[in-house]
Protein chains: 2
Amino acid sequence: MIENESNYSASRYRTPDGAPADIVIFTIVSSGKRTKKKALPTRELQVLLIQRKIWPFEGQWALPGGFTKETESVYDCALRELKEETAVDHVKLEYFNAYSAPGRDPRGWMISHAFLALVNERQLAHRAAAVDAMDVRLFPVEEALRLELAFDHRQILSDALQVVRRKMMTTKIAKEFLPEAFTLSELYQVIRTVVPDYEEPNFIRKLTSTKSRSAILEEVKDEKGEPLSSNQYSQRAAQLYRFTDDEPSLSIYG
Amino acid sequence: MIENESNYSASRYRTPDGAPADIVIFTIVSSGKRTKKKALPTRELQVLLIQRKIWPFEGQWALPGGFTKETESVYDCALRELKEETAVDHVKLEYFNAYSAPGRDPRGWMISHAFLALVNERQLAHRAAAVDAMDVRLFPVEEALRLELAFDHRQILSDALQVVRRKMMTTKIAKEFLPEAFTLSELYQVIRTVVPDYEEPNFIRKLTSTKSRSAILEEVKDEKGEPLSSNQYSQRAAQLYRFTDDEPSLSIYG
DNA sequence: TAAATAGTGTCTCTGAGACACTATGAT
DNA sequence: ATCATAGTGTCTCAGAGACACTATTTA
């Protein structure tokens, strides 16, 4: 029963040929409408892909990633690769699955570790400059899912998207896509960008009528305690909010 | 930047020495009080451990698990090991993390894949018979966490416990610990066994006042549409319930 | 009848939902 | 004044919370 453990000797067994980490970097790209000075931007969920230059899957688009070294954890590897390939640092990476189906990688027996990160498009700004040279590009998620991605990266991306959608509704990750202080309209748009099915005509009312808001959001005030507002996107200035530190606890039992 | 991928050749790099799967098997053990014929049993969350016979960590308790083969996924490996070591089959395994800190395994570079499974104590029944011979035992979780477990298995167990606690409140996994039809008291006890902090004096009322119940539970009826009840644990018979198939959707935004 | 668990009556109060209405400020 | 977005008034109704009370069956 436990002979593998009892008699293990590294030299006697076939061992994996590598432990790559693949990173799904989501961002929301806002394209302000140029027709009017003030208007809510159009937002779109995008994912960062690289184009492979060599075998296998030469020329195809793939998730960024690379091989773990013996001296680092897979998390460290993902952090390192993310920094190397996108100059993005100080990001919360989330490990969400391993991919280990036999034959998934023509180079050999590779068990891949998939992480996802949400980064603000501002953090990707200087990266975007080097995009053409590096064969690195942001793709709208829906478009990326239609591409023939390398390896099982379409599956990984699809799984990542599901995780992000769930977390968008159940945690405060929306803040990764927002500035420190934001308006409720911005928040609503970010949620809708990630989870198109979410519709809440009374969104403002909902969050301003005590319960939910008090657990999640708080109004941003200046030094004198005056509420701060922004008219960046609208004629009428909108109250600014920030997320609280509370971790909302959810339960299906009430 | 992407040189690892571009120039990869298995023979040129140090590769992992193995990809073990470790499985955290939780069960709830009910010990009926013998003093009275009918009384709610005392329930306790327990975890299945094996005692290692050889180096490394000889004699110490560890999570069951074993090495992945080239021809299987880590999930298949976990399923196989679970079946081999505990005779438990048809279980929903959940992958929840990878453990890859350098030096975590004295045998070499091992990236471990951790799964958890919730099994009804009935499913562990015949396994329990072979327990002494195999150096396999159930431990109360609190006790297991105080043991010096092999490898980083205490961390893995601790992480698994956190995952189970969260899922107990946010999904219907309670059903893994319950018979097909159960009373609300049983359900409440199971929840409390896993999440001791959860207290809800009005639990029955809460679940019987429409909203929550209708989404999660339904009354069990016989062929004539008569509600079924059980007096297994109480003088007065209690209504039996089962979980619906609906996946409850949670949101912090209301 | 006492014990043990199951379940309800009833009250109050919050807040969800709907949707039309008002508010503000740039052009 | 008009437009675009922000936010409120007001109504209704469901249901959460509290907690004492009743119900059912066995020993």
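In what follows, chains carry the letters A, B, and so on, assigned in the order in which the sequence lines appear, proteins first and then strands, with residues in each chain numbered from 1. As the structure is a prediction and not an experimental result, all values here were calculated from the model.
- If you measure from atom CD of Gln239(A) to atom C1' of dG7(D), you get 11 Å, rounded to the nearest angstrom.
- Rounded to whole Å, the distance from CG on Leu207(A) to C1' on dG15(C) is 13 Å.
- Distances shown here put every side-chain N or O of Thr208(B) at or beyond 4.0 Å from the OP1 or OP2 atom of dG7(C).
- Taking Lys175(A) as the reference, nothing meets the salt bridge (charged side-chain N to carboxylate O under 4.0 Å, His left out) condition, with sequence neighbours excluded.
- Each end of the helix from dT1(C)-dA27(D) to dT27(C)-dA1(D) gets its own axis from five base pairs, and the two axes differ in direction by 10°, given to 10 degrees.
- The salt bridge (charged side-chain N to carboxylate O under 4.0 Å, His left out) search around Glu200(B) returns Lys206(B), not counting sequence neighbours.
- Positionally, the nearest nucleotide of DNA chain D for Ala238(A) lies more toward the 5' end than for the other of Pro201(B) and Ala238(A).
- Closest contact between the side chain of Arg205(B) and the listed nucleotides dA16(C), dA6(D), dT8(C) involves dT8(C).
- Looking only at side-chain heavy atoms (C-beta outward), Leu149(A) and Ile156(A) stay at 4.5 Å or farther from each other.
- At dA6(D), none of the side-chain N or O atoms of Ser229(A) fall inside 4.0 Å of OP1 or OP2 (strictly under the cut-off).
- Whole-Å rounding puts the Tyr241(A) OH to dA6(D) P distance at 12 Å.
- Closest to the side chain of Arg236(B), from the set dC19(C), dA23(C), dT24(D), is dT24(D).
- Contact annotation: Ser209(B) does not reach the phosphate of dA14(D) (side-chain N/O to OP1 or OP2, under 4.0 Å).
- Rounded to whole Å, the distance from CD on Gln235(A) to P on dA23(C) is 18 Å.
- By the side chain to side chain contact (heavy atoms under 4.5 Å, CB included) test, Leu79(B) is found to be paired with Tyr75(B), Leu93(B), residues two or more places apart in sequence or in another chain being considered.
- Screening residues 236-254 of chain B for salt bridge (charged side-chain N to carboxylate O under 4.0 Å, His left out) gives Glu180(B)-Arg242(B), Glu218(B)-Arg242(B) as the qualifying pairs, with residues at least two apart or on separate chains.
- As a whole-Å value, the separation of Lys206(B) NZ from dG7(C) C1' is 17 Å.
- Side-chain contact between Phe177(B) and Met168(B) is present, with at least one heavy-atom pair separated by less than 4.5 Å.
- With sequence neighbours left out, Asp159(B) forms a salt bridge (charged side-chain N to carboxylate O under 4.0 Å, His left out) with no residue at all.
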